[in-house]
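Computation of the quantities below employed the complete heavy-atom set of this structure, encompassing side-chain atoms and omitting hydrogens, waters and symmetry-equivalent molecules. The chains referred to below are lettered A, B, ... by the order of the sequence lines, with proteins before strands, and numbering in each begins at 1. Values in this document were obtained by computation on a predicted structure and should not be read as measured data.
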There are 2 protein chains.
Amino acid sequence: MKEKISKAVISRLPRYYRYLADLKEENVDRISSNDLAKRMHVTASQIRQDLNNFGGFGQQGYGYNVSYLHGEIGKLLGIDRQNKVIIIGAGHIGQALANYQNFSRRGFLVKALFDIDPEVIGRNIRGAEVYSLDRLEEYLAENEVDIATLTLPRDRALEVANRLCACGIKAIWNFAHTDLNVGEDVLVENVHLSESLMQLSYRMLAAREAEEERMKHAEQLKLDHRRRSEKAGGLRKELPGA
Amino acid sequence: MKEKISKAVISRLPRYYRYLADLKEENVDRISSNDLAKRMHVTASQIRQDLNNFGGFGQQGYGYNVSYLHGEIGKLLGIDRQNKVIIIGAGHIGQALANYQNFSRRGFLVKALFDIDPEVIGRNIRGAEVYSLDRLEEYLAENEVDIATLTLPRDRALEVANRLCACGIKAIWNFAHTDLNVGEDVLVENVHLSESLMQLSYRMLAAREAEEERMKHAEQLKLDHRRRSEKAGGLRKELPGA
DNA sequence: TAGATTGTTAATCGATTAACAATC
DNA sequence: TAGATTGTTAATCGATTAACAATC
């Protein structure tokens, strides 16, 4: 029925959702693609094109109803339902995610964590218990889980991912710094924090270099200018009538 | 001098870096774009095109020297130098980042954290002290900082970002769920965790729907088939010679 | 030298932007 | 009805892939 939506479009949906939530907060009832475009620093064309992938949410001559559009995008993103999440790896990041209230606010409920460290097994984080990783299969047999989060060292990530897939998990949110080559019916969304940081680092260095280049260029111009003035001065002295 | 490198290329550099580190670990000396492409599930063309943005790292008839290429990409990403990082917001995520050893391993050193909560101020996380946010300007005047990480609630993020920019910070790693409209000479790299999760959720729902569609379609085919057989059977009965 | 493989140009593909007819 | 603004088609732009000459 519907065409496959490109990744670029999907990646923009949450941002639309956020801006619409803000507009709702400001009690704005309707907005045109043009006004929204100005706020978001994108083109109105892109907004209309993006939204039309999912059907006509707007109305000619009127624009988009903020509340309605917000709701529809929320439905697309699955915010309207309860998504059951588990976290494998109850280290610093795993625990931070379990504590992150923005997730539960959007319907992502952390139901359980798993770890191998006896120190953390048995702890309870905002209602979610930390189980021994040994009990993963047992838990999955008894409980429905939508999304499994991997926050463990990279060398153990693939093994756990395979165990999850064997239990029928269809969506993995991967924080481990490795590519999970699992079956293609299993969705993997990567969050590679150090890669994000490295990209920032790259851009920072590139900007510094560009800045230095600019400075050097300006310096050169100044030098050239001085030399030219001197030469002109010299010429003047040599002019006959001087 | 050099052309502007596209964001798509930059985002792939850390992944090349990771695969090259793995190859080094496996004591592989050289690799062709073709073999690397197979490992990474990308095209050889893309690898050669990407790397050539930064100059000829390879050699015709030989391929790429793993160790050399790893080093060069590391330099591009600033892994070879010490990057001084501070973290504003010493909550769960901020503390998790400060504890994350993969960063220091790549030359990103968390030097200090800042918070307004008296409960956490004064704590020490792997050698980095948590200061009162009041002392941010004081700290920045006395210490060189390359990257500022924002892990605080969205409503306070922009204000802090502006304070950072006023002190000359040129790179912000933003975990706050908002767009920071700072000066265009300031680099912002966003990590929007809930948006990443929402994208996964979207893809999960889309896959489920596609699956249902497939099932329904298969069901319909079965029905059609049965109906056709029945009709054929009926016809047969009515055939004269029966 | 012959074989291999890069660096680079050309062709293709996909995503973004512009334009405008449809319609509220 | 006239004005506004969408939905959608066409044009442009950029990124990816293919091809191949250069060269180790």
Side-chain angles (χ1 to χ4, degrees), chain A residues 1-16 19-20 23 28-73 76 199 202-203 206, chain B residues 1-16 19-20 23 28-73 76 199 202-203 206:
Chain A
M1 174 192 154
K2 72 171 87 116
E3 307 293 313
K4 199 172 170 299
I5 311 292
S6 85
K7 250 187 173 173
V9 175
I10 299 170
S11 74
R12 285 192 289 265
L13 286 180
R15 189 152 179 265
Y16 291 134
Y19 274 83
L20 288 162
L23 284 164
V28 177
D29 284 339
R30 51 178 255 195
I31 191 154
S32 69
S33 55
N34 233 301
D35 290 348
L36 185 55
K38 260 177 221 143
R39 271 199 181 227
M40 295 183 69
H41 301 288
V42 297
T43 64
S45 237
Q46 181 167 74
I47 292 178
R48 294 206 296 279
Q49 199 77 277
D50 280 355
L51 296 180
N52 256 73
N53 280 301
F54 307 99
F57 292 142
Q59 195 168 75
Q60 280 102 330
Y62 173 88
Y64 298 88
N65 179 296
V66 169
S67 184
Y68 172 72
L69 186 56
H70 180 256
E72 289 302 306
I73 296 182
L76 286 170
Q199 284 175 53
Y202 171 86
R203 293 204 283 144
Chain B
M1 175 190 152
K2 70 170 91 115
E3 307 293 312
K4 199 171 170 296
I5 311 293
S6 85
K7 249 189 175 170
V9 174
I10 298 171
S11 75
R12 285 192 292 265
L13 286 180
R15 189 153 179 264
Y16 290 133
Y19 274 83
L20 288 162
L23 284 164
V28 177
D29 284 339
R30 50 178 256 194
I31 192 154
S32 69
S33 56
N34 233 300
D35 290 349
L36 185 56
K38 262 178 218 141
R39 274 199 180 227
M40 296 183 69
H41 302 286
V42 297
T43 64
S45 238
Q46 182 168 72
I47 293 178
R48 293 206 297 278
Q49 199 76 276
D50 280 356
L51 296 181
N52 256 73
N53 280 299
F54 308 100
F57 291 143
Q59 194 166 76
Q60 280 103 328
Y62 173 89
Y64 298 89
N65 180 294
V66 170
S67 185
Y68 172 72
L69 186 56
H70 179 257
E72 289 302 306
I73 296 181
L76 286 170
Q199 284 175 54
Y202 171 88
R203 293 203 283 145

*Counting distance only, does the side-chain N/O of A/Asn52 pair as donor-acceptor with the main-chain N or O of A/Gln49 below 3.5 Å?*
no
_Ignoring hydrogens, what is the shortest heavy-atom contact between A/Tyr202 and B/Leu76? Give both atom names and the distance._
CD1-O, 3.2 Å
*Just how far, in rounded Å, is P of C/dC20 from CD of A/Gln60?*
17 Å
*Nearest-nucleotide comparison on DNA chain C, the residue closer to the 5′ end among A/Tyr62 and B/Gly63*: B/Gly63
*OP1, OP2 of C/dA4 versus side-chain N and O of B/Tyr64: anything below 4.0 Å?*
no
*base_contact_polar (D/dT6 base, A/Gln49 side chain, donor-acceptor, <3.5 Å)*: no
*A/Gln46 has an atom CD; how far is it from atom P of D/dT6, in whole Å?*
15 Å
*Look at the side chain of A/Ser45 and the base of C/dA18, then say whether one donor and one acceptor between them are separated by less than 3.5 Å.*
yes
*Using atom CG of B/Asp50 as one end and atom C1' of C/dG7 as the other, report the distance to the nearest whole Å.*
13 Å
*For D/dC20, take OP1 and OP2 only and decide whether either is under 4.0 Å from a side-chain N or O of B/Arg48.*
no
*Does C/dA4 have OP1 or OP2 sitting under 4.0 Å from an N or O in the side chain of B/Arg30?*
no
*For D/dA18, which nucleotide is its Watson-Crick or G-U wobble mate, given both distances must be under 3.5 Å?*
C/dT9
*Interatomic distance where CD1 belongs to A/Ile5 and C1' belongs to C/dG14 [whole Å]*: 14 Å
*Please tell me which of the listed nucleotides, D/dT8, C/dT5, C/dG7, lies nearest to the side chain of B/Asn52?*
C/dG7
*Side-chain donor/acceptor contact of B/Gln59 with base of C/dT5 under 3.5 Å*: no
*Starting at atom OH of B/Tyr68, determine the distance to atom P of C/dT6, rounded to an integer number of angstrom.*
15 Å
*Just how far, in rounded Å, is C1' of D/dC24 from CG of B/Asn65?*
14 Å
_I want to check one thing: is the phosphate of D/dT5, taken as OP1 and OP2, less than 4.0 Å away from some side-chain N or O of A/Ser33?_
no
*Using purine N1 to pyrimidine N3 plus N6-O4 or O6-N4 for Watson-Crick, or N1-O2 and O6-N3 for G-U wobble, each under 3.5 Å, what pairs with D/dT23?*
C/dA4
*Using a cut-off of strictly less than 4.0 Å, decide whether B/Thr43 has a side-chain nitrogen or oxygen near OP1 or OP2 of D/dT17.*
yes
